[in-house]
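See below for the structure under consideration.
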Amino acid sequence: MELSDCSNEYEKLVVRMNMPRVVIDNGVCPNSTVVKIDSARSPGILLESVQLLTDMNLWIKKAYISSDGKWNMDVFHVSDLNGNKLTDENLIRYIEKSIETSHYCKTEGYTGLTALELTGTDRVGLLSEVFAVLADLECDVVEAKAWTHNGRIASMIYVKDGNSGTPIDGDSDRVQRVEGQLRNLLKADDGYQNDTRTCVSYGGNTHMERRLHQRMFMDRDYEKKFDIEKSPIVSVQNLPKRGYSVVNLQCKDRLKLLFDVVCTLTDMAYIVFHAAIRTVGETAFLEFYVRHSDGHPVSSEPERQRLIQCLQAAIERRTVKGVRLELCTADRPGLLAEVTRVLRENGLNIARAEISTKDGVARNVFYVTDANGNLIDPEIIQSIREKIGIDDLSVKEPFPISCREAVEKEQHQEAQDHQGRYGGGTVLVSLGSLVMRNLYHLGLIKSYF
């Protein structure tokens, strides 16, 4: 046996010894499934575990993270989108296998596609113009995501040639035309392009949402001042005797919240040694004990402020804005450009977009507001649905409230009313009225009176 063969076998042994060990238990907690992960400590391993769980649309309601010496011990309490335990044995086995192989086998890839990365100044109708340019250049959009935050936009778009179905990066002249036209669209209002970035690459294993965080972080979207009343509560304090910085966050709970926070800490080169995450009602509390990759805690006030601003921005980027529109229809050339053109012509701004095409079916999600970032007149939504297709375009709540949850919350509200917790004579609107009002604003009912 040659030395190279011995080296390969040794490396394989090391990999097998250090692979994460996963235990999934449904008997510990009455409302969630417990996922326990033991793994050798290595850069980014925590982010990969959280990323895998959130990519499966699992809601992490509670977590305990500890890293002592060279070993990680992580415990996650997860549920599905309806708040239920995981009971599908096939899904449980898939989670176990995915986590055990995640650090050595990347699962997300876009083979045979060309990746376009865009950042610049956001404005009404910008995405519509981007998709129109791509359609004119015969580039079919297969997968795309776009985020907007603080007047900036970041988008990652996977395309292929509309005729041959092959990547476009083999034609350098075509790539230059695509980049040139997109760069012109992304120019700031003052006409300068120094804050505009475009990038073309081939396929790869890039995780789209992590890359969007990185793009917006590099674009310094966190520097604009926030509305203090609406910003997540973030504090950073040092423990000099233990050599940690303690990061505390409090905000409204939502799907993928932990991923967004851990992703930002990782990209800022902070290592999480211990953490505790819990949810009380609709509020999430997250606490992290971190050090910078150089082994030191936060060492200055500017660094502390920057960390706070970046974490606030990471949470705000994915915060649901506006009305959620879902398009599901047979794919065809120019479909995306046509749909977004209708939205633009009706004065709608796309605050966030998720584009997917598979097996000839387009499944697109748009979060839309009016030009000023406010809710949209239900009549405009109805008009847009008639133009695009009533059966193809639907209005969805971001996370529908189940009937059971609605009843429980309404009963709790009524109990508070009777106890007079908010003082005599105060009129409180019942949850049922609020639900009906939301349905009215979304155009799903004619009246709620």
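Just the heavy atoms: all of them, side chains too, but no hydrogens, waters or symmetry mates, feed the values below.
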Original post:
Passes side chain to side chain contact (heavy atoms under 4.5 Å, CB included), T319 versus E316? Steps please.
Top reply: CA-CA 5 Å; T319 300; E316 292 288 344; 3.7 Å; yes

Donor-acceptor contact below 3.5 Å, side chain [X] vs main chain [Y]:
X    : Y    : value
N372 : N374 : no
S49  : I45  : yes
D122 : G151 : no
T114 : P167 : no

Original post:
Pick one: which of Y244, F288, Y289 meets ring-ring contact (aromatic ring centres under 6.0 Å, His included) with F273?
Top reply: Y244

Checking side chain to side chain contact (heavy atoms under 4.5 Å, CB included) against [X], which of [options] comes through?
X    : options                : result
F131 : L336, L126, D136       : L336
E129 : L185, T340, N184, L186 : L185
I157 : L116, L113, L182       : L116

Taking the side chain as C-beta and beyond, is there a heavy-atom pair between [X] and [Y] under 4.5 Å?
X    : Y    : answer
V323 : L348 : no
M268 : F217 : yes
V159 : E143 : no
E209 : T54  : no

**OP:** Could you tell me whether D267 and R210 make a salt bridge, using a distance below 4.0 angstrom between a side-chain N and a carboxylate O?
**Re:** yes

Subject >> Carboxylate-amine/guanidinium proximity below 4.0 Å for R177 and E179 >> reply: no

**OP:** Kindly check if the number of other-residue, nucleotide or ligand heavy atoms within 6.0 Å of CD (Q250) is above 12?
**Re:** yes

Original post:
Any idea how H77 and Y64 line up, ring-wise: parallel (<30°), tilted (30 to 60°), or perpendicular (>60°)?
Top reply: perpendicular

Original post:
Would V361 and T329 satisfy side chain to side chain contact (heavy atoms under 4.5 Å, CB included), going step by step from the backbone distance to the final call?
Top reply: CA-CA 6 Å; V361 178; T329 187; over 6 Å; no

**OP:** Apply the test side chain to side chain contact (heavy atoms under 4.5 Å, CB included) to residues L257 and I315: give CA-CA distance (whole Å), side-chain angles for both, the deciding distance (0.1 Å), then the verdict.
**Re:** CA-CA 7 Å; L257 174 62; I315 296 171; 4.0 Å; yes

Subject >> side-chain hydrogen bond (donor to acceptor under 3.5 Å, both in side chains) assessment of T119 paired with R152 >> reply: CA-CA 7 Å; T119 53; R152 310 297 296 170; 5.7 Å; no

Original post:
Can you tell me how far OG of S299 sits from NE2 of H292, rounded to the nearest 0.5 angstrom?
Top reply: 8.5 Å

Original post:
Quick one: is the NZ or CZ of K61 closer than 6.0 Å to the six-membered ring centre of W59, and within 45° of its axis?
Top reply: yes

